[in-house]
Amino acid sequence: MEKKVRVRFAPSPTGGLHLGGVRTVLYNYLFAKQHQGDFILRIEDTDQSRFVAGAEEYIYETLNWCGLEPDESPLKGGPFAPYRQSERKKIYREYAETLITDGYAYYAFDTSEELEVMRTSHRTETNPSPQYDHQTRMYMRNSLSIGSEGTEKLLTAKTPYVIRIKMPENEVLHLNDMIRGRVEFNTSLVDDKVLLKADGMPTYHLAVVVDDFLMQITHAFRGEEWLPSAPVHVLLWRYLFGEENMPAWAHFPLILKPDGNGKLSKRDSERLGIPIFAMAWTDPVSGETISGFREKGFLSEAFVNMLAVLGWNDGTEQEIYSLEELKEKFSIERVHKAGAKFNYEKAKWFNQEWIRKVSVDELSGLVRKIYNDQQVRIPDESYLRSVIMLIRDRCHLLPEFYTQGRFFFSAPKQWDLGALKPKWNVAKTSFFKSYSNAFGSISDWNALNLEMVFKELANSQGIKPGELQLPLRIMLVGEKMGPPVFEIASLLGKEESKKRINNLLDQTGDW
RNA sequence: GCCGCGUUGGUCAAGGGGUUAAGACGCAUCCCUUUCACGGAUGAAUCACGGGUUCGAUUCCCGUACGCGGUACCA
């Protein structure tokens, strides 16, 4: 009997959720869902000094936008509540003390100044960052170096302390990563990490294993940056709950900046003008806003799709996947080991694909919002939908529905005269006069008929129709862009088309 | 420095002892269209390096280089 799969995403609410974070959520979610398991959102807010107002709400909204709803969360509750670590504070101390009793951890009374002294005095060329470990711990002020009596004294005097894990010497630990296979560590090289901080809050290391155990997490997935501290977690599992009960691990590769090397960061967003957050994030203190994919005009389907295949593929040539399809086809084993550079151009391509794929219904709501923001009045829903169907193929980002389609809602006020004037003549003036006059006789107003009449008239007047198409386009659109010109006229309607032709004709006299 | 993880075109990547080393994005050229896109076609461009193992390594092993991550009372 297999245990029910339970995974968690455990962010620290300190700001916007960037690409890597959302991808971690996504992979967790996909894995859980394809195994009929639970996806838990746990808020790791153990560092009170890093509290950022609104960051937690931002996470909910992001998950909601992406369609990755947790089964249990601080907001939703669940059988293992609370899901906010700050509210679980009292739980952790007990485990830390058990560790001390069992000889796996100890009290440390060093002040931050003392730690600083140790780090500078032990610093050498070959060891630029000395650690609090088996080599140095006996020189520090802790229950190992000062004995139980001294410890008692300090404890009763209410001396601030932390609890540190006592890393064993020269033991080889290993971990079977679902992506990387067996990874080994020598415990001598790992420092005595703080487990419980002076304020009584646990560090990530303690909290993550205690909560993963208590919340019955079966698979623990996180970013690669956690791999180096994994031996601490393995040891904690061994000491507290039994290594055999430890969840299966997988460490995801990082998402790198598009140019150069290194982790994608907020700086890159500003520097390159590309979004890195799912949604715009405004820092409550500085007021500074970093734009997000949603605001740039991405469809959540495209965003999720793009993220899924950034570091994963199913071995076929398929690149476009819906969430449902991903649930079916995703597999941790096929996640790449190496980090991937983020490519914004490709991201836009995914969005373009999804703009064509998604229903007009869904698009119309989104596009309506964009037009509203631009103060464009939309006569009616069916007109909007027709415009959308006509221009969706040429849009990569949602805002392009405005730049590509605004002329459907208001007549051009200026024209690309440079494309017109040089080749203009009286024959063309009279052609357009007769063309717009002929509108009255077109009973079935559609692109095909419009084109037919256009061509017949042109031929009868001895002008090549091709030479007249561009002028017509400029009259209707104002510039050299847009869908097939008779489609435009057809949608615009008889009156409006006539009006726009006459608008320009009024000016040709001055040329 | 030390530890860990990586390394297939510019980018994302498939492949995994014998292949013309897929495909996508981007780029270039052409076609379509007397608009701009879309679409189609074609093209340039890749197995980090050095040793092994092998009849044969991009693929397996060992080094080296490079990159990234970690080295906090941050997660």
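This one's a predicted model, so the numbers in the text were calculated from it and none came from an experiment. Just so it is clear: chains get the letters A, B, ... in the order the sequence lines come, proteins before strands, and each one is counted from 1.
- At the heavy-atom level, A:E184 lies under 4.0 Å from the strands shown only through sugar-phosphate atoms.
- Atom pair A:E353:CD and B:G26:C1' shows a separation of 15 Å (rounding to whole Å applied).
- Counting non-hydrogen atoms under 4.0 angstrom, A:N186 reaches nothing in the nucleic acid.
- A sub-4.0 Å separation between OP1 or OP2 of B:C36 and a side-chain N or O of A:K480 is absent.
- A:R473 has no side-chain polar atom (N or O) that falls below the 4.0 Å cut-off from OP1 or OP2 of B:A37.
- Using a 4.0 Å heavy-atom distance criterion, A:V183 is classed as a sugar-phosphate-only contact.
- A 3.5 Å limit on both hydrogen-bonding distances identifies B:G18 as the Watson-Crick or G-U partner of B:C55.
- Under the Watson-Crick or G-U wobble criterion, with both distances below 3.5 Å, B:G43 is paired with B:C27.
- Picking from B:C36, B:C2, B:A75 the nucleotide with the shortest atom distance to the side chain of A:E225 gives B:A75.
- Of the N and O atoms on the side chains of A:D211 and A:Y92, at least one donor lies less than 3.5 Å from an acceptor on the other residue.
- Among the heavy atoms of the strands lying under 4.0 Å from A:H336 are primed sugar atoms or P, OP1, OP2 only; no base atom is included.
- Geometric assessment of A:R406 against the ring of A:F409 yields a negative cation-pi assignment under the 6.0 Å and 45° thresholds.
- We find that CZ of A:R222 is positioned 13 Å from P of B:G70, with the value rounded to whole Å.
- Side-chain contact of A:R8 with A:N28: a donor-acceptor pair under 3.5 Å is absent, judged by distance alone.
- If A:G466 and A:T203 are placed on RNA chain B by their nearest nucleotide, the residue sitting closer to the 5' end is A:G466.
- In this entry the distance linking NE2 of A:H205 with C1' of B:C74 reads 9 Å, nearest Å.
- Of the candidates A:H134, A:R137, A:Q131, A:R164, A:D192 forms a side-chain hydrogen bond (donor to acceptor under 3.5 Å, both in side chains) with just one, namely A:R137.
- The partner of B:A48 is B:U64, by the rule that a Watson-Crick or G-U pair needs both atom distances under 3.5 Å.
- Spacing between atom CE of A:M167 and atom C1' of B:G70 amounts to 14 Å, rounded to whole angstrom units.
- Put simply, the side chain of A:F342 reaches to within 4.5 Å of the side chain of A:I274, judged on heavy atoms.
- Rounded to an integer number of Å, the gap from A:L472 CG to B:U34 C1' is 13 Å.
- Taking the centre of each ring, A:F401 and A:F408 stay at or above the 6.0 Å mark.
- The base-pairing partner of B:G69, taking Watson-Crick or G-U wobble contacts with both distances under 3.5 Å, is B:C3.
- For the C1' atom pair drawn from B:G69 and B:A75, the interatomic distance equals 14 Å after rounding to whole Å.
- Regarding A:Q48, its CD atom lies at a distance of 11 Å from the P atom of B:A75, rounded to whole Å.
- Counting any heavy atom pair closer than 4.0 Å across all strands shown, A:K348 reaches no nucleic acid atom.
- Residue contacts shown for A:G311 are limited to sugar-phosphate atoms, with no base heavy atom under 4.0 Å away.
- Counting non-hydrogen atoms under 4.0 angstrom, A:Q404 reaches nothing in the nucleic acid.
- The cationic group of A:K346 lies under 6.0 Å from the six-membered ring centre of A:W349 and within 45° of the ring axis, placing it in a cation-pi geometry.
- Rounded to whole Å, atom P of B:C68 lies 16 Å from atom CZ of A:R180.
- When heavy atoms are screened at a 4.0 angstrom cut-off, A:P253 is found touching no nucleic acid atom at all.
- Within the nucleic acid shown, A:N127 comes within 4.0 Å of at least one base atom, counting heavy atoms only.
- Residue A:R182 places none of its side-chain N or O atoms closer than 4.0 Å to OP1 or OP2 of B:G4.
- Put simply, CH2 on A:W424 is 18 Å from P on B:U34, counting in whole angstrom units.
- Among the heavy atoms of the strands lying under 4.0 Å from A:V162 is at least one base atom, whether or not backbone atoms are also near.
- Across all strands shown, B:U34 forms no Watson-Crick or G-U wobble pair with both key distances under 3.5 Å.
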